[in-house]
Amino acid sequence: MQHLWAHQRRDFIDCAAGQPQLSRWCRDWLGRIAAIYRLNKRRLSHRRADTGDRDEAVRRELESQLQALFATAERELDGLDEAARQAAPLRSLLKHREGPGVFLDNPRVPMDNNVAERKLRGPAIGRRLSFGSDSEDGAQPAALMYSVAETLAVNGIDVRLWLAEWLKACAANGGRSPPDLSPWLPWSMSPRRRRTLTGQA
């Protein structure tokens with residue numbers, strides 16, 4: 001199971017919060033984690049450029065840095081009192097050591113889910129501003145609406161243009177959804193329709 005590096009990073013930040021004596025220790029750990037991110041970014045750029053040899057070289061470097069990072073965590077933990085603040089994030093890192101390494105053998109697996117969390121931020125804020133959903137019956141249409149809007153946006157479709165056309169089609173169909181959804185889906189609509197709904201027509 002993938003364990004997210006952003007969460008591990010946050011553990012170190014939370015541990016040092018309000019503890020000036022741990023600032024340098026925290027910065028050192030954030031630096032180690034940042035180095036892993038940079039290496040993985042380099043590796044992914046080689047994969048996109050189809051440079052297999054360099055990809056494998058960076059993979060070996062990544063594996064070496066990961067091993068060094070876990071070895072450092074083990075050494076530090078061995079030298080700490082069990083009740084020390086630093087022990088908790090180090091224990092967590094070592095406990096989940098298999099999870100943070102998933103991306104090593106599966107490059108398509110991201111190191112964290114920050115992109116997904118950013119995508120969910122809009123609906124989460126909207127839910128809070130509208131005081132949430134009073135019932136499951138209200139929550140389901142809202143979830144469907146957000147899912148459709150985000151799918152369109154990710155595929156470059158202008159959501160307002162799409163919605164205007166969709167409502168016209170529903171009105172023409174007696175207030176019901178059109179029977180054929182393929183012209184409305186980004187992956188099955190015609191090129192001409194795509195140009196119209198991306199504002200390029």
Side-chain angles (χ1 to χ4, degrees), residues 1-11 13-14 30 33-34 36-52 55 58 62 96 99-201:
M1 185 177 102
Q2 167 76 327
H3 193 74
L4 305 176
W5 279 99
H7 294 173
Q8 295 292 166
R9 185 178 183 278
R10 193 178 306 132
D11 286 347
I13 293 172
D14 289 345
L30 296 184
I33 294 171
I36 300 291
Y37 269 95
R38 284 194 299 272
L39 261 180
N40 193 52
K41 185 177 179 182
R42 203 166 92 210
R43 180 194 185 191
L44 293 177
S45 70
H46 292 329
R47 288 182 68 83
R48 283 192 290 270
D50 198 23
T51 52
D55 168 50
V58 177
L62 256 175
H96 299 107
V102 167
F103 76 96
L104 194 61
D105 295 318
N106 300 278
R108 288 190 294 180
V109 175
M111 290 179 64
D112 56 49
N113 66 346
N114 285 350
V115 171
E117 288 188 0
R118 281 195 293 270
K119 295 294 184 186
L120 290 171
R121 186 169 295 150
I125 292 171
R127 182 186 62 205
R128 187 164 63 246
L129 292 177
S130 62
F131 303 104
S133 301
D134 291 335
S135 68
E136 187 174 341
D137 287 342
Q140 287 175 347
L144 181 62
M145 177 191 71
Y146 283 124
S147 178
V148 169
E150 191 57 42
T151 299
L152 294 169
V154 164
N155 283 276
I157 305 297
D158 185 312
V159 178
R160 287 191 178 93
L161 281 177
W162 184 94
L163 188 57
E165 293 298 313
W166 172 261
L167 292 175
K168 286 179 195 172
C170 290
N173 195 41
R176 295 183 301 275
S177 300
D180 181 12
L181 294 181
S182 57
W184 301 96
L185 303 174
W187 46 86
S188 56
M189 63 178 58
S190 68
R192 181 178 179 182
R193 188 176 184 78
R194 173 177 274 278
R195 285 195 298 273
T196 299
L197 295 179
T198 53
Q200 298 174 8

Engineer: How close do Pro179 and Asn173 get, counting heavy atoms only, and between which atoms?
Structural biologist: CD-ND2, 3.9 Å
Engineer: If you look at every heavy atom in Leu161 and Thr196, which pair is closest and at what distance?
Structural biologist: CD1-O, 3.5 Å
Engineer: Once rounded to the nearest 0.5 Å, what's the spacing between atom OG of Ser188 and atom CZ of Arg193?
Structural biologist: 10.0 Å
Engineer: How many angstroms lie between OG1 in Thr198 and CG in Asn155, if you round to the nearest 0.5 Å?
Structural biologist: 11.0 Å
Engineer: So do the side chains of Cys170 and Arg176 get within less than 4.5 Å of each other, counting heavy atoms only?
Structural biologist: no
Engineer: Over all heavy atoms of both residues, which pair between Val159 and Ala149 is shortest? Give the atoms and the distance, please.
Structural biologist: CG2-O, 3.6 Å
Engineer: Could you give me the CA-CA distance, side-chain angles and deciding distance for Glu150 and Val154, then say whether side-chain contact (heavy atoms from CB on, under 4.5 Å) is met?
Structural biologist: CA-CA 6 Å; Glu150 191 57 42; Val154 164; 3.5 Å; yes
Engineer: Supply the atom-to-atom distance Leu197 CG to Trp166 CH2, rounded to the nearest 0.5 angstrom.
Structural biologist: 12.5 Å
Engineer: Are Arg194 and Pro186 close enough that some pair of their side-chain heavy atoms sits under 4.5 Å apart?
Structural biologist: yes
Engineer: Find the distance between CE (Met189) and CG (Leu185) and round it off to the nearest 0.5 Å.
Structural biologist: 7.0 Å
Engineer: Hey, does Arg9 have a side-chain heavy atom less than 4.5 Å from the side chain of Ile13?
Structural biologist: yes
Engineer: Restricting to non-hydrogen atoms, name the atom on Leu152 and the atom on Trp184 that form the minimum distance, rounded to 0.1 Å.
Structural biologist: CD2-O, 4.3 Å
Engineer: Give the minimum heavy-atom separation between Tyr37 and Ala6, together with the two atoms involved.
Structural biologist: OH-N, 3.6 Å
Engineer: May I ask you to test the His7-His96 pair for a side-chain heavy-atom distance under 4.5 Å?
Structural biologist: no
Engineer: How close do Trp162 and Ile157 get, heavy atom to heavy atom, and via which atoms?
Structural biologist: CB-CG2, 3.9 Å
Engineer: Is any side-chain heavy atom of Lys41 less than 4.5 Å from a side-chain heavy atom of Ser45?
Structural biologist: no
Engineer: Going from CG on Asp158 to CD on Glu165, what distance comes out if it is rounded to the nearest 0.5 angstrom?
Structural biologist: 10.5 Å
